[in-house]
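The structure appears right after this line, and notes come after that.
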Amino acid sequence: MEVLVAVTVGVVFGSGLYLVMQRNMLRFVFGLILISGAVNVSIFVAGRLMRGAPPLVGGDVQVPAEPVANALPQALILTAIVIGFGLTAFTLVLLLRTYERLGTVRTDEMVARLREPRPVGGREVASAGEAAPPPEAAGADERVDGTARDGDGDRS
Amino acid sequence: MSWLVVAPVALPLAAAAIAFAASGRVALQRAVSTVASGALLVLSVLLLVEVSRSGVQVMQGGGWQAPFGVSLVADHLSAIMVAVGAAMAFAVAIYALRDIDPHRESLGYHPLFQVLLAGINGAFLTGDLFNLYVWFEVLLIASFVLLTLGNRRDQLEGGLKYVATNLVSSMLLLAAIGLTYGATGTLNMADLAGALREVPPELATALAMLFLIAFGIKAAVFPLFFWLPASYHTPPVSVSAIFAAMLTKVGVYALIRAFTLLFAHDVAYTHQVLLWIAGFTMVTGVLGAAAQNEFRKILSFHIVSQIGYMIMGLALATPLALAGAIYFVIHNIVAKGNLFLVSGLAQRVGGSFELAKLGGLYRHTPLLGVLFLIPAFSLGGFPPLSGFWAKLLVVLAGIEAQSYWIVAIALAVGLLTIYSMTKIWQAAFWSPLPEGRTLGPRPPWAMVAPVVGLAVLTLVLGIWIAPFFALMEAAATELLDPTVYVGAVLGDAAAAALEAVR
Amino acid sequence: MNSLILRTATSLLLAVLLLFSIFLLLRGHDLPGGGFIGGLVGAAAIALYALAFDAPRAERLLRASPRIVFGVGLCAAVAAGLAGGLASLDFLTGLWWIFDLGPFEVKLSTVLLFDVGVYLVVVGTILTMLFALEER
């Protein structure tokens with residue numbers, strides 16, 4: 001059983017890695033979700049597999065009578081899932097904002113877009129020869145726009 | 001049991017909670033953030049004093065005894081990192097009061113800064129591997145938001161690279177932790193010190209390499225550093241300063257912890273790998289910096305090159321080398337953070353970060369020139385500044401270990417560092433102002449004061465080195481003898497058992 | 001979304017879901033449940049409301065910015081952690097007060113305070129993200 005699960009983890013991890021290496025950031029995020037699933041299952045296997053014995057004891061017993069499943073990996077995975085959920089949600093929101101501002105989800109195109117004229121009113125202006133301020137990226141003429149409201153720090 | 005161990009984590013967390021609850025009242029948030037950062041500095045210095053007086057301090061979370069609960073442990077290394085980090089954080093907190101624009105403040109800059117501090121200190125103090133992962137995530141999510149706060153286009157582009165690389169590193173770290181648990185059945189670092197010596201050495205080495213990659217991405221070592229120069233020049237100066245000073249150093253701290261406490265079973269192999277990485281990191285970082293012409297990008301590449309020196313100290317793994325590595329870390333936190341703050345002042349006066357657009361700053365504000373020269377010379381390694389001693393210590397350790405090639409690299413990289421610093425000095429401070437550019441008014445005192453404070457700290461670290469070196473030596477001795485750490489967390493019986501295996 | 005069926009159902013479901021989330025929260029200490037899952041159900045209830053009507057109206061229903069909910073929750077959780085110090089115990093140690101009120105036995109604890117904090121943090125986080133996405 002462990003071998004089967006281990007092979008599955010390997011396949012899912014590998015598929016995730018393949019997606020992560022793409023230039024399309026949306027695929028990257030999907031790859032990350034796959035990897036995070038694979039890692040969670042691998043932690044589960046690391047705690048050894050056991051069937052049909054939930055790690056719960058009755059009200060007046062201190063120690064369970066028969067061997068029960070290992071509760072620690074489950075706690076670890078739960079934590080990892082929660083953190084992964086928060087991070088994935090943040091990354092998706094970030095990607096959405098980037099798509100809105102730069103008009104692409106491909107990393108190679110993003111760099112090119114940054115060198116292009118600045119957008120006016122949130123929309124891309126494609127016309128060349130516009131009075132484009134120099135791409136003095138983080139310079140004095142920094143322009144802050146009021147749409148940022150990404151997820152706050154989240155722990156639980 | 002000492003509550004001082006919890007304070008560096010609980011205080012910023014409480015400050016963040018209050019500041020979040022005060023969303024919309026920026027004045028209150030500013031007050032909370034400043035007061036909490038000041039109190040953090042006081043408490044972490046007290047913690048350092050306590051550790052150097054009465055040894056390793058431990059707190060078992062929830063009263064659950066190790067290895068079943070989550071322990072917070074402050075040995076010399078942790079306490080030093082927390083204290084220096086708190087000094088840096090206090091300086092940045094003051095600087096940020098004038099640097100961060102009202103819009104970013106209203107989006108929650110202050111609470112996020114405190115969450116970041118809680119994450120950094122949690123990572124320094126935890127004695128549990130999984131808990132280390134959790135603190136890494138806390139500091140990461142705070143840094144993600146801080147980096148992209150404001151949604152400028154280059155911020156988003158740089159931020160996406162930063163987020164992507166760090167998420168991959170987190171996944172690898174989690175996988176490594178899961179496999180370690182599978183191999184040993186424990187996650188308490190003190191317990192692992194003994195347990196990892198009982199697993200087959202090949203398996204332990206494989207785990208060590210997985211941790212090396214995961215922490216290596218966070219520490220920005222060769223060839224995993226590309227996210228750093230791609231993103232650190234995009235956010236406001238206060239944010240890049242605290243990132244530059246602390247975030248990579250958390251990775252370096254984790255590497256030091258992992259390769260002294262956990263993976264010391266096959267030093268000949270693992271530490272040789274580290275030494276090669278150190279050499280490549282130094283060279284690529286400094287060459288990258290030489291090719292740049294933007295103030296903060298040059299500094300970003302220098303972060304990478306200086307991480308190399310720290311890893312070199314760790315790889316040599318002698319008491320002198322480790323003391324040198326830790327000294328290098330604290331020197332670098334102070335000097336590098338300060339240089340970023342100075343770059344912000346230069347941008348305020350000169351209107352740009354591009355060296356080609358800057359000039360005449362020394363004539364305009366001589367104090368600014370002096371404030372740049374102190375950390376810059378320190379980074380370049382001029383005596384008697386802190387950088388000189390830091391480099392001297394790791395180089396001496398290299399000669400002692402007869403690794404002459406790495407010593408040669410370290411010295412050559414030192415020369416190139418001086419070249420980069422002179423380049424900035426020449427272009428931004430000394431040469432006349434380019435045609436058509438004007439200089440603004442002098443920067444406000446509220447922003448200059450923290451820079452002066454950090455410059456004084458650099459001078460003190462360099463001139464009054466003896467007490468600091470004694471602290472570093474104590475930290476190095478403790479690192480090379482894990483029984484001290486294990487004994488403090490698990491009790492003397494476990495320490496004796498470990499002594500028997502070693 | 002403009003659907004009469006969804007709106008009518010939501011106004012009925014909202015109270016039930018919120019009540020259920022609090023039930024889960026209080027049940028949590030010894031039985032399956034707790035602050036996290038309770039918070040998820042609570043956030044889902046308000047998210048449903050935001051879908052059926054609109055985000056500003058859901059924010060008014062919450063009566064405060066979700067960031068403030070998040071902050072108050074974090075305050076409660078940290079306070080619960082620090083409470084152990086007052087009894088000179090370790091960080092995060094739970095303190096219990098059990099009141100015997102004849103037929104009932106009321107158990108209050110810092111663990112419950114922590115769980116309430118987690119509940120609020122989860123609601124705050126999820127709604128912050130949701131409103132940020134809805135806002136455009």
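In what follows, chains carry the letters A, B, and so on, assigned in the order in which the sequence lines appear, proteins first and then strands, with residues in each chain numbered from 1.
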Using 0.5 Å steps for rounding, measure from the [atom1] atom of [X] to the [atom2] atom of [Y].
X       : Y       : atom1 : atom2 : answer
L160(B) : L94(A)  : CG    : CG    : 5.0 Å
I177(B) : L76(A)  : CD1   : CG    : 9.0 Å
T91(A)  : L167(B) : OG1   : CG    : 4.5 Å
I33(A)  : M171(B) : CD1   : CE    : 10.0 Å
R101(A) : Q155(B) : CZ    : CD    : 9.5 Å
T148(B) : F90(A)  : OG1   : CZ    : 4.0 Å

### Task
Below 4.5 Å from any heavy atom of chain A, which atoms of F130(B) appear? Answer side chain, backbone, both or neither.
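Contact with chain A involves the side chain of F130(B) alone.
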
* Asked: Checking L187(B) against chain A: side chain, backbone, both or neither under 4.5 Å from a heavy atom?
  ->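 The side chain, not the backbone.
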
For R153(B), does its backbone N or O pair with a side-chain atom of R113(A) as donor and acceptor, under 3.5 Å?
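No, because the side chain of R113(A) does not come within donor-acceptor range (under 3.5 Å) of the backbone of R153(B).
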
> Do you know the tightest heavy-atom contact between Y181(B) and G47(A)?
Replying inline: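 Result for this residue pair: CE2-CA, 3.9 Å.
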
Heavy-atom closest contact (A46(A) atom, G178(B) atom, distance):
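Nearest pair, atom of A46(A) first, then G178(B): CB-O, 3.3 Å.
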
Query raised in the report: Hey, which of R348(B), E157(B), E137(B) has the most heavy atom pairs under 4.5 Å with chain A?
Result: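 That would be E157(B).
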
Looking at T180(B), V168(B), L179(B), V237(B), which one has more heavy-atom pairs under 4.5 Å with chain A than the rest?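 Option with the top pair count is V168(B).
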
_Option that, when pairs with chain B are counted at under 4.5 Å, heavy atom only, ranks first among V45(A), I43(A), V39(A)_ =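 Highest number of heavy-atom pairs under 4.5 Å: V39(A).
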
Query raised in the report: So I35(A) and L172(B), side chain to side chain contact (heavy atoms under 4.5 Å, CB included) or not? Walk me through it.
Result: CA-CA 9 Å; I35(A) 292 184; L172(B) 290 177; over 6 Å; no

Can you establish whether the number of heavy atoms outside F44(A) located under 6.0 Å from its atom CZ is more than 12?
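Open: at most 12 neighbouring heavy atoms sit under 6.0 Å from CZ of F44(A).
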
- If you count the non-hydrogen atoms of other residues, nucleotides and ligands that lie under 6.0 Å from CZ in R98(B), is the total more than 12?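 No - once you tally the heavy atoms of other residues, nucleotides and ligands closer than 6.0 Å, there are 12 at most.
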
Evaluate the side-chain proximity of Y133(B) to I83(A): yes if any heavy-atom separation is below 4.5 Å, no if none is.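 In short, these two side chains touch, coming nearer than 4.5 Å.
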
Report, in residue-number order, which members of residues 7-25 of chain A are under 4.5 Å from chain B by heavy-atom distance.
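From residues 7-25 of chain A, the residues near chain B are F13(A), V20(A), M25(A).
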
